[in-house]
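Notes follow the structure.
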Amino acid sequence: MGVFERFLSIWVALGITAGVFLGLVAPGVFRIIAGLEYAHVNLVVAAFIWIMIYPMMIQIDWSAVRGVGRRPRGLLLTLVVNWLIKPFTMAALGVIFFHHVFAPWVDPASASEYIAGMILLGVAPCTAMVFVWSQLVRGDANYTLVQVTVNDLIMVVAFAPIAAFLLDVTDIAVPWETLVLSTLLYVVIPLGAGMGTRHWLSRRPAGAIAGFVARLKPWSIVGLIATVVLLFGFQAGTIMAKPAVIAMIAVPLIVQSYGIFAVGFVAARLLRLPHDIAGPACLIGTSNFFELAVAVAISLFGLDSGAALATVVGVLVEVPVMLSLVAIVNRTRPRAVSHA
């Protein structure tokens, strides 16, 4: 493990600090970068995420992908957690905290909007960052690709009905441009580039693929840190202006993340999944497709709404929480079950 990966938590902490500081001292620069978006997808952030996941895509072996169907339990676990557990527990936690625990400090209208934003996060399982978490726990890249692909396909048909049911609204306009563009930028294009690179390297001497990926790995971490700097830079003003509200929204989101992880972790042990499948399966349900959630929150409730703020808080807490979960998964490696 290289120096970047060994001290990743420190680099992320420095990235968060730098992002908030730069966002406060140079807000105009971040406003310009934030404006470089299409269909609520920031193109600069997308470029850094692409840098993150491109090395992982090179490692995908399509001959091995075809064999994923012979090991369906990890995929089944991911789908059950993402679509039958996570959205409903997120809604329940939102109600518990904002209609009861935090009720003395939050007015009912704002509380309802915060809950709505959390629900939208709960109904949007992650796409791009899953590849990062999978690599950090040395997950099976081929299996992770299949898990992400199937989730994306289900999201196309399930996102709107589940969100409508939990939000108790009848007309949710799914931002298809955001969904399609994100899938293209975060999965299709880097996957195509990775396949092309792997095919080219396969014609070279043995070890060419491994050597090339090893040289790219530091850039993958740089892409992650740059993404963190931008995300926190975009929201620096909000972080400083509403720290108490952000802290309150963060509590149920963090409880949800660790709770969903615990469900997946226990289930993976009961299903006797190998570590390289169990690790990503436990992490996929805890990460969110924040671009989609933010876009829907803005379209339904407005840019300055509590729902939009809640989805942004989801972005802010995700990386630190996910790194802690990655550490937990990696600490269980020696005791992981080694057979499917």
> Using links of under 4.5 Å between side-chain heavy atoms of ILVMFWY residues, direct or through other members, which residues join Leu270 in one cluster?
Replying inline: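 So far as hydrophobic clustering goes, Leu270 is joined with Val266.
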Output the distance between atom [atom1] ([X]) and atom [atom2] ([Y]), rounded to the nearest 0.5 Å.
X	Y	atom1	atom2	value
Leu253	Ile246	CG	CD1	11.5 Å
Ile162	Lys86	CD1	NZ	11.5 Å
Phe212	Ile58	CZ	CD1	5.0 Å

Any donor-acceptor pair under 3.5 Å linking the side chain of [X] with the backbone of [Y]?
X	Y	answer
Ser134	Phe131	no
His275	Thr332	no
Glu318	Ser287	no

> ring pair (Phe, Tyr, Trp, His ring centres under 6.0 Å): which pairs involve residues 241-268, sequence neighbours left out?
Replying inline: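 Non-adjacent pairs meeting ring pair (Phe, Tyr, Trp, His ring centres under 6.0 Å): Phe261-Phe265.
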Do [X] and [Y] belong to the same hydrophobic cluster, where Ile, Leu, Val, Met, Phe, Trp and Tyr are linked whenever their side-chain heavy atoms lie under 4.5 Å apart, directly or via other members?
X	Y	answer
Leu153	Leu145	no
Val20	Ile32	no
Leu283	Ile154	yes

Under 3.5 Å, which donor-acceptor pairs do the side chains of residues 90-102 form with other protein atoms, sequence neighbours left out?
none

Acceptor/donor pairs from residues 221-239 side chains to any protein atom, 3.5 angstrom cut, sequence neighbours excluded:
from	atom 1	to	atom 2	distance (Å)
Thr227	OG1	Gly223	O	2.7

>> Between Leu167 and Leu120, does the side chain to side chain contact (heavy atoms under 4.5 Å, CB included) criterion hold? Intermediate values first, please.
In response: CA-CA 9 Å; Leu167 293 173; Leu120 292 173; 3.9 Å; yes
> So which pairs with a foot in residues 139-149 pass salt bridge (Lys or Arg N to Asp or Glu O under 4.0 Å), sequence neighbours left out?
Replying inline: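 For residues 139-149, and leaving out neighbouring residues, the salt bridge (Lys or Arg N to Asp or Glu O under 4.0 Å) pairs sorted by first residue read Arg71-Asp140.
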>> So, using ring-ring contact (aromatic ring centres under 6.0 Å, His included) as the criterion, who are the partners of Trp83 when residues are at least two apart?
In response: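 Testing Trp83 for ring-ring contact (aromatic ring centres under 6.0 Å, His included), a comparison that skips the adjacent residues, returns none.
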